[in-house]
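Every number for a ligand or one of its atoms is a count from 1 in the order of the listing. Quick note: residue numbers are just sequence positions, from 1.
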Amino acid sequence: MDILENLLRVQDRIHGACHRAGRDPEEVRLVAVTKNVPVDRIETAMGLGLRCFGENYVQEAIPKIRVLGPEAQWHFIGHLQTNKVKNVVGSFHMIQTVDRVPLAREIDRRAAGSHPVPVLIEVSIAGEATKSGVAPDGVAPLLQEIFRLPNLRLQGLMTMPPLFEDPEGARPHFRALRELRDRLRAQVPPPHDLEELSMGMTGDFEVAIEEGATFVRIGTALFGPRQA
Ligand SMILES: *Cc1c(COP(=O)(O)O)cnc(C)c1O
């Protein structure tokens, strides 16, 4: 699989979705998801101009972050255990998966004395108990707690809907995330904001862009199928 060819196709599809939605493609940033992708392929992607990468597992990510150096920006997109926070703060540029108060507090504690950490709140629109992400009605209380923590900078919301055969199945989830954001926006004091909506993966990113995504997290469409 040729990463250049894949990237051009993904960029083309991003532009197409933006065009349909009347959006500026500059508003949509590509997070290249590199779980199970070896360093040399990530280097190839950097050579093609990609700078923003998403990783799910701390242990897998840390060596890649070291090797690829300060030009790359890393977003943590996996379920984050509280005891792993110390390895994430300082290595990642953004944590997209804050979904509970103890996690927010631990990020705050570990970031004390250095730069504030940009975070997104992960929302489970369907509210499925087994998935990570806070249920929609838990977002406002979590916001209030985050506003009390000096070392977090809230920037938006993230979601990962269940898998649908037809990407249209994900549309109501994406739309609900945007509507939730629009409702909560007025409650968010600077320096926090809710500009960012991280939603859409290989199977559904065009629908997500039509519904307002500002980050799309794409692995397979760029790097090919993941080896188990
Ligand atoms: C793996 C993963 C992605 C990328 O999935 P693809 O379908 O390969 O594009 C995006 N977001 C999260 C949270 C993931 O775990």
How close does the nearest protein non-hydrogen atom get to [atom], and which residue and atom is it?
atom                   : result
atom 2 (C) of ligand 1 : K35 NZ, 2.5 Å
atom 6 (P) of ligand 1 : T202 OG1, 3.4 Å
atom 5 (O) of ligand 1 : M201 CE, 3.5 Å

List every atom of ligand 1 that sits less than 4.0 Å from any heavy atom of [X], numbering the atoms from 1 in the order shown and giving each element.
X    : answer
T220 : 6 (P), 7 (O), 8 (O), 9 (O)
I218 : 9 (O)
R217 : 4 (C), 9 (O), 10 (C), 11 (N), 12 (C), 13 (C)
G219 : 4 (C), 6 (P), 8 (O), 9 (O)

Sub-3.5 Å N/O-N/O distance, G203 and ligand 1: no
Plane angle bin for W74 and F53 - parallel if under 30°, tilted between 30 and 60°, otherwise perpendicular: tilted
Cluster check M46, I62: I/L/V/M/F/W/Y, side chain < 4.5 angstrom: yes
Same apolar cluster: I14 and V33, side chain cutoff 4.5 Å: no
Result of checking E179, E210, M199 against F174 for side chain to side chain contact (heavy atoms under 4.5 Å, CB included): M199
SB check K35 E60 (cutoff 4.0 Å): no
With E26 via salt bridge (Lys or Arg N to Asp or Glu O under 4.0 Å) - residues at least two apart: none
Tell me the contacting part of [X] for ligand 1: side chain, backbone, both, or neither, using a 4.0 Å heavy-atom threshold, strictly below.
X    : answer
N56  : side chain
M160 : side chain
V33  : side chain

The single option from R181, R185, R153, R178 passing salt bridge (charged side-chain N to carboxylate O under 4.0 Å, His left out) against E195: R185
Non-hydrogen atom of R226 closer than 4.0 Å to ligand 1: yes
Atom CG of L48: over 12 foreign heavy atoms under 6.0 Å: yes
